[in-house]
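Quick notes on the structure that follows.
In what follows, chains carry the letters A, B, and so on, assigned in the order in which the sequence lines appear, proteins first and then strands, with residues in each chain numbered from 1.
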Amino acid sequence: MPIIEFHDVHKWFGPLHVLNGIDLKVDEGEVVVVIGPSGSGKSTLIRTIDRLEPIQRGSLVVDGMPVHDPKADVNALRRRVGMVFQQFNLFPHLTAVENIMLAPRKVKGLNAAASRKRAQELLAKVGIPEKADQLPVRLSGGQQQRVAIARALAMDPKIMLFDEPTSALDAEMIREVLDVMRQLAQEGMTMVVVTHEIGFAREASDRVVFMDAGRIIEDSPTGEFFAGAREERARQFLSKVIHH
Amino acid sequence: MRSILVRITALGAAVAVLAAACGGGGGAPTQPSPTAAPAATAAAKPKFELASYQYAIQTKGKLKVGTREDNVPFGLKNPATCKFEGFDVDVVREFAIAIFGAEGKADPDKFIEYVPVVSATRIPTLKDNKADIVAATFTVNEERLKEIDFSTVYFRTGQKILVKKSDTTIKEVADLKGKTVCTAKGSTSEKNIAAKNKDAKLLLLDSYPPCLIALQQGQADAVSTDETILFGLVKQDPNTKIVGGYFSDEPYGIGIAKGRTGFAPFLNKVIADMIADGRWAALYKKHITPVSGDVKDGPHDKGRPGG
Amino acid sequence: MPDLGVRASVCARGGRKDLTMPGAIMFEFPDLFFTGLFLTVQLSVLGSIGALAAGTLIALFRISPIPPLRWVGVAYVEFFRNTPLLVQLFFLFLGLGALGFRFWTTDTFESIFRAGAAGMALYHGAYVAEVIRGGLLGVDKGQIEAARSLGLSYVQTLRYVQLPQTFRATIPPLGNIGIALIKNTSLASTIGVAELLQAAEIVESRTFRTEEAFGAVVLLYLVLTIPASLGVNWLERRLLVAR
């Protein structure tokens with residue numbers, strides 16, 4: 001039973017056909033990594049799942065909710081889908097723990113004590129319990145991204161989306177973020193990850209989706225993909241990324 | 001209703017727009033031509049003593065006059081023509097003629113620079129030397145004489161009360177107890193009311209037209225100031241009436257700064273001549289009779305109940 | 001007339017009567033000056049609160065996704081910013097009066113005061129709206145997406161993410177508007193509010209001690225505006241440290 005189901009999804013930015021007939025299913029508990037050259041539409045793809053980008057044709061059903069339907073309750077959808085961004089996007093006026101508490105309090109109506117307790121647990125889970133009362137500006141990039149992951153987890157989402165979560169980080173910080181993501185994958189979270197981290201894809205994902213020019217070129221189980229991608233373009237891309 | 005709104009808009013806008021539309025107080029049309037004036041017509045000008053202030057003005061080529069812009073029928077800047085008109089303004093033009101002679105007679109405004117004043121700015125305007133004279137329904141009194149000099153009295157009136165025609169409760173100053181009375185800030189009217197009836201509530205605005213609107217709307221129960229000014233207000237709104245007797249004596253003089261050698265006697269002579277040769281009576285007929293209905297030939301005391 | 005000893009001490013030293021300490025005249029006419037000061041403070045406080053409320057609302061209108069609200073916002077800002085405050089005050093006092101609206105009171109002086117306070121709020125609200133709008137648009141788009149992706153609604157995102165940051169970022173310009181507002185309350189004297197400037201005008205017309213009367217008013221305005229400036233600077237520094 002797929003929890004995310006794209007069927008012939010199209011999207012245009014003006015004349016640019018950024019998503020061109022996407023068909024994709026993600027099962028509950030699956031970890032899917034989306035790779036591809038920049039401009040291939042992979043970020044747009046992941047953003048449509050949360051309806052940060054609306055689609056113009058086709059159907060997209062997430063956890064039973066028709067995301068393509070303009071009347072769908074978008075806030076209800078987003079409560080069930082967590083999103084982690086390349087630029088972390090923490091709220092700079094709130095401390096780490098307040099960043100995590102905001103949505104549980106205002107959206108779920110949790111009280112301050114309960115949401116703070118949960119926020120502390122999540123900070124411990126991502127390895128920075130001691131940073132609870134720091135403002136984002138006092139945190140390193142890796143720490144900020146881990147707070148952002150904790151913030152998304154605080155809503156107890158069924159699906160976590162990661163949009164190039166390590167692209168803005170220095171090399172030494174990438175590892176601490178990937179460790180947290182690996183742990184989540186092991187715990188059985190449904191994850192869709194756009195990344196250039198081939199190592200992460202190889203170790204932690206169930207499937208790899210390769211995109212180019214708005215289309216899914218290849219969609220294979222991770223082992224098969226790395227053993228030898230079927231598609232020439234995927235092989236070329238892979239060889240480039242791995243040699244870097 | 002609509003007409004009131006239009007007038008309020010005009011009133012408010014007048015403050016901001018008039019100055020701009022009329023080129024900053026009508027300075028431009030009154031500028032004497034710097035080259036032609038002194039040399040060509042020196043012969044036609046009256047001779048004054050070198051030490052006298054009127055000589056200084058004649059040499060300067062300009063008489064700076066503080067007057068009101070919205071005080072029918074004494075001083076008004078006509079929004080249509082941007083020219084000043086009214087009783088006070090015509091008296092001032094006589095002074096200009098007396099100082100500048102034949103050329104002044106041809107076009108007195110050429111030698112006059114108008115400085116707009118409101119009640120409260122009349123004395124500062126003189127003390128700061130922004131105007132040579134202030135002709136603006138300026139009541140001569142002891143306190144003011146400590147600060148400035150005055151000419152002889154060129155007009156005499158007294159304070160009365162203006163109410164709506166439908167009003168039957170206010171008949172004299174004693175009836176103003178607990179009532180809201182509108183008058184201008186910095187005027188003798190304000191002090192007179194405060195002195196005659198301390199239980200009257202004073203609404204102090206910059207000038208009388210807003211007071212009239214406040215009366216029309218019931219924001220004020222009465223407007224009180226010099227009768228001649230009230231005449232102008234009745235003319236603007238026939239649904240108002242003047243009640244009671246004079247409760248003050250308001251002798252108007254031309255205000256001048258202290259220390260102007262020979263200037264007050266000079267002005268006094270011009271005023272006396274105007275009364276003697278009928279020019280004064282003509283001005284009264286032109287400006288005051290249309291609103292008061294009576295005729296006068298000088299600033300007499302007779303028939304004044306208050307005194 | 002209460003004499004707080006300022007004048008007496010000068011006279012005791014043989015000083016001339018007009019050589020009083022600057023501002024001493026305010027203690028000779030305490031009713032006028034201090035009632036006036038109190039009214040000025042009231043106008044400033046109510047006007048500032050109103051300007052902040054009106055300005056914030058209009059700023060939200062201006063960035064709203066609903067076009068008619070944006071039009072209302074633009075019309076408000078352009079109208080109140082491009083007409084003189086004096087004209088607006090006259091309209092609120094006499095114009096609305098002509099339409100039968102007296103700010104829910106039958107008392108003339110109360111109604112004038114409320115017209116004055118409303119004028120302060122509406123006029124400065126236009127400037128506040130522009131500052132707040134700039135602040136709201138200055139909040140990084142990524143943060144708004146992050147908030148929305150957590151399930152916060154449009155309004156909740158404004159309320160908990162955009163506005164708090166906006167107020168911090170806009171404290172200096174808002175402070176300047178507040179100080180301008182304090183000074184602009186003097187215009188309320190033209191519609192008959194017996195605030196500081198009118199107090200000075202009355203004292204001046206009764207005593208002809210022009211320099212003293214207006215000198216006292218200048219002192220009293222400075223007593224209001226200098227602490228306001230210092231307060232804004234302090235807030236600004238504090239918030240800079242907090243970042």
Side-chain angles (χ1 to χ4, degrees), chain B residues 1-17 19-20 118-124 127-128 141 143-148 179-191 194-195 201-207 209-221, chain C residues 17-18 29 31-32 36 82-103 105-116 119 186-195 197-214 217:
Chain B
M1 191 66 80
R2 213 186 81 83
S3 75
I4 292 178
L5 270 182
V6 168
R7 271 178 35 216
I8 289 155
T9 313
L11 183 77
V15 183
V17 177
V118 295
S119 295
T121 59
R122 290 176 295 193
I123 290 178
K127 289 177 106 176
D128 300 344
N141 64 29
E143 285 160 318
R144 285 176 179 159
L145 281 166
K146 286 182 209 153
E147 305 290 315
I148 56 168
K179 304 280 188 182
T180 301
V181 185
C182 188
T183 188
K185 279 181 284 198
S187 65
T188 51
S189 310
E190 176 245 323
K191 262 178 281 185
K201 292 187 277 187
L202 286 171
L203 171 61
L204 301 177
L205 302 179
D206 279 336
S207 61
C211 274
L212 179 64
I213 297 171
L215 175 70
Q216 289 165 336
Q217 292 178 14
Q219 305 260 36
D221 301 307
Chain C
K17 193 178 179 247
D18 56 352
F29 300 92
D31 274 6
L32 285 165
N82 294 319
T83 52
L85 176 53
L86 194 57
V87 176
Q88 291 169 24
L89 287 173
F90 265 103
F91 181 79
L92 289 168
F93 164 39
L94 294 174
L96 290 183
L99 298 171
F101 179 70
R102 300 278 163 79
F103 292 90
T105 172
T106 51
D107 182 272
T108 297
F109 294 92
E110 183 61 31
S111 124
I112 290 174
F113 172 79
R114 290 180 191 181
S186 59
L187 280 173
S189 67
T190 56
I191 60 165
V193 180
E195 46 64 78
L197 184 65
Q198 185 167 110
E201 286 171 328
I202 294 171
V203 169
E204 194 270 342
S205 77
R206 294 203 176 154
T207 62
F208 299 107
R209 285 152 65 186
T210 312
E211 290 82 0
E212 282 180 74
F214 289 104
V217 159

How would you list, by chain and number, every residue that makes a salt bridge (charged side-chain N to carboxylate O under 4.0 Å, His left out) with R114(C), sequence neighbours excluded? E110(C)
Separation between CD (Q217(B)) and CG (L212(B)), nearest 0.5 Å, reads 10.0 Å
Distance-only side-chain donor-acceptor flag, T83(C) / Q88(C), under 3.5 Å: yes
Go through K127(B), R122(B), E143(B) and name the one with the most non-hydrogen pairs under 4.5 angstrom from chain C. E143(B)
Side chain, backbone, both or neither: which part of K201(B) has an atom under 4.5 Å from a heavy atom of chain C? both
Under 6.0 Å between the ring centres of F93(C) and F91(C)? no
For F109(C), is it the side chain, the backbone, both, or neither that has a heavy atom closer than 4.5 Å to a heavy atom of chain B? side chain
Can you tell me which portion of I112(C) sits under 4.5 Å from chain B's heavy atoms? Options are side chain, backbone, both or neither. side chain
Side chain E195(C), main chain Q198(C), donor-acceptor under 3.5 Å: yes
Counting heavy-atom pairs under 4.5 Å with chain C, the top scorer among L204(B), I123(B), T180(B), T188(B) is L204(B)
Which atoms of S189(C) come close to chain B, meaning under 4.5 Å heavy atom to heavy atom: side chain ones, backbone ones, both, or neither? both
